[in-house]
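Heads up: the structure comes next, in C-alpha cells.
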Amino acid sequence: MAISRKPSRKKPLRRPRRASAAENGHRSARLFARAQKILVGGVNSPVRAFRAVGGAPLVIDRARGSRLWDVDGREYIDYVCSWGALILGHADPKVVSAVANQARRGTSYGMTSPLEIDLGERIACAIPSIERIRFVSSGTEAAMSAIRAARGFTGRDFILKFEGGYHGHADSFLVEAGSGLATLGISASPGVPAALAQLTLNAPYNDVAAVEKIFARHAGKIAAVIVEPVAANMGVVPPAPGFLDSLRRITSRDGALLIFDEVITGFRLAYGGAQGIFSVRPDLTVLGKIIGGGLPVAAYGGRREIMESIAPLGPVYQAGTLSGNPLAMRAGLTTLPRLEAPRFYDALGAKSLRLSEGLRKALRDTGIPGEVNATGSLLTLFFSSGPVRDFAGAKKADTARFAAFFREMLRRGIFLPPSQFEALFISAAHTEDDIDRTVSAARQSLEYIAPKE
Ligand code: HOZ
C-alpha cells in the first residue's frame, strides 16, 4: 500500500507522525479547490463531495483491479467500484480491449447496431421476465421511463415506493429517498412540483401491512409499486421473508404493476438478478451499472404488452441519442459472459462472507455496537445497536461514528462508500488478501475511534 502512515498493530494510533507532502494530498487539495470553482460543489454527483464524512474528497488518477490511486499517488482498496458497476474490477483487460477495438469502429451511430440486439437477447435470456427491452444511458433515465410506461399502460397516476429506496433523481422519486438524499438529509427536493410529489406514495420497506393500507386507500389508482428487491441505497437491507411475494400478490390483485429496480442487484446477486433468487416475477425491471461493464448504460424491460406501449409501437414517448451506445454495448457483452463462469457468484459470496464475519468480530472485540447487513457481494456496516430492517432503522445509525470510521479506513488505504447509507461492493478482482487487509484496517480503525474510558 502506498500509504506509509501505518498505525501500530499493538496500540491504537494516537498521534500519527507528520505526513509527507504527498500524504497530505497537496495535489488533490489543489485540484479540488480548482474543481469547486467550476463544478458545482467540486463534483458531478453529490456523494463524491464527502460532505457526510468530512475530510478531503478523493481526486482519482487511475484504477486497476481492486485498486484506485489518487492524484497524489496514494493507493486504496476500492469498495465503491463505481457504485457497483465494476463487478470485474477496474480496467479489466478484456473489457478495455473490447472498448478500444470498438472505438476504432465508431463510438456512436445514432442508429441500431447488432450489438444492441446481442446484449438485449443475452439479458432477456438471463432474466426471463424481460420479454422486450429498451436501452438508455443511466439508471435515472431507465427508472423514470419505466414509471412513465407503467402510468401510460395502466392509465393511473400514483406510484408507490419505499422510504429510503432510491431510483435515480427523476422528479417522482425524490420523496423520502435514500442514497445521496439520505446522506445529505434532504427529505424532499425543491424543484419537484407539489402536484407531482403528491402522486408518490411511500411505505416503510418490509412493511406489508403499510402497503395493504395504502392500496386500500388508493384502490385502482396506483400505476406501479417500484422496489429495490434488496434495498441498497439506505445501506443494505434485505427483504424480509415473503415481502416481495406480498408485493406481487397485492399489485396483481389491484391491477397495478410491480417494478423491480435491479440497477444494483441485477447481475450482482446472481446472473438472473434478485428476481431469480427470490423467485418473484415483476412486470418491469430496471437495470444499469453491471450491464454496461463500467460504461454509461441502463435499460428497462419486461412484459411485452407493457413495453409495446412505448414509441414507436405505442404512444408512451421515450428516446435518446446515445441509447444503445456501441462502446457500452461492447463493454456489457464482454462482461456478462464472464459472470456465467462456474462458481463466479459463489466466489464473490465467499469473499463477502469473509469480510462481514471479520467486521462482526472486530465490532465484538472492540465493544462498538454495529450491525453488518450483507446479501451476496453487497454489504453495509451500520453503527447501530439493533437490526436494520428499514429506513427508520438505518437512520438510527450513528453517522458521526461512521464518518470517523470512514476517515480512519481511508487513512489506512481502504476506500469505503462515503456515506452510511450506501453499500460496499466486492468485485471479482478483490483478493482474500485484500479482504484480510480490510478487516485488519477495520479493527485498527474501530480501536482508534472507540470511546476511551
Ligand atoms: N446513488 C448511486 C449509488 N447508490 C449512484 C452514486 C451517486 O449518487 O453518485
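Just so you know, residue 1 is the first one in the sequence shown, and it goes up from there. All ligand and atom numbering here is 1-based and tracks the order in the structure.
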Can you tell me the protein heavy atom closest to [atom] and the distance?
atom	value
atom 5 (C) of ligand 1	K289 NZ, 3.9 Å
atom 3 (C) of ligand 1	E422 OE1, 3.4 Å
atom 1 (N) of ligand 1	S179 OG, 2.6 Å
atom 7 (C) of ligand 1	S45 OG, 3.3 Å

Using a strict cut-off of 4.0 Å, indicate which atoms of ligand 1 neighbour a heavy atom of N233.
3 (C), 4 (N)
Return yes if a side-chain donor-acceptor contact under 3.5 Å exists between R443 and T366, otherwise no.
no
Regarding E422 and S179, do their side chains bring together a donor and an acceptor under 3.5 Å, going by distance alone?
yes
Ring centers of F50, F32 separated by less than 6.0 Å:
no
State plainly whether the residues D436 and K351 are in salt-bridge range, i.e. N to O under 4.0 Å.
no
State plainly whether the residues D72 and R27 are in salt-bridge range, i.e. N to O under 4.0 Å.
no
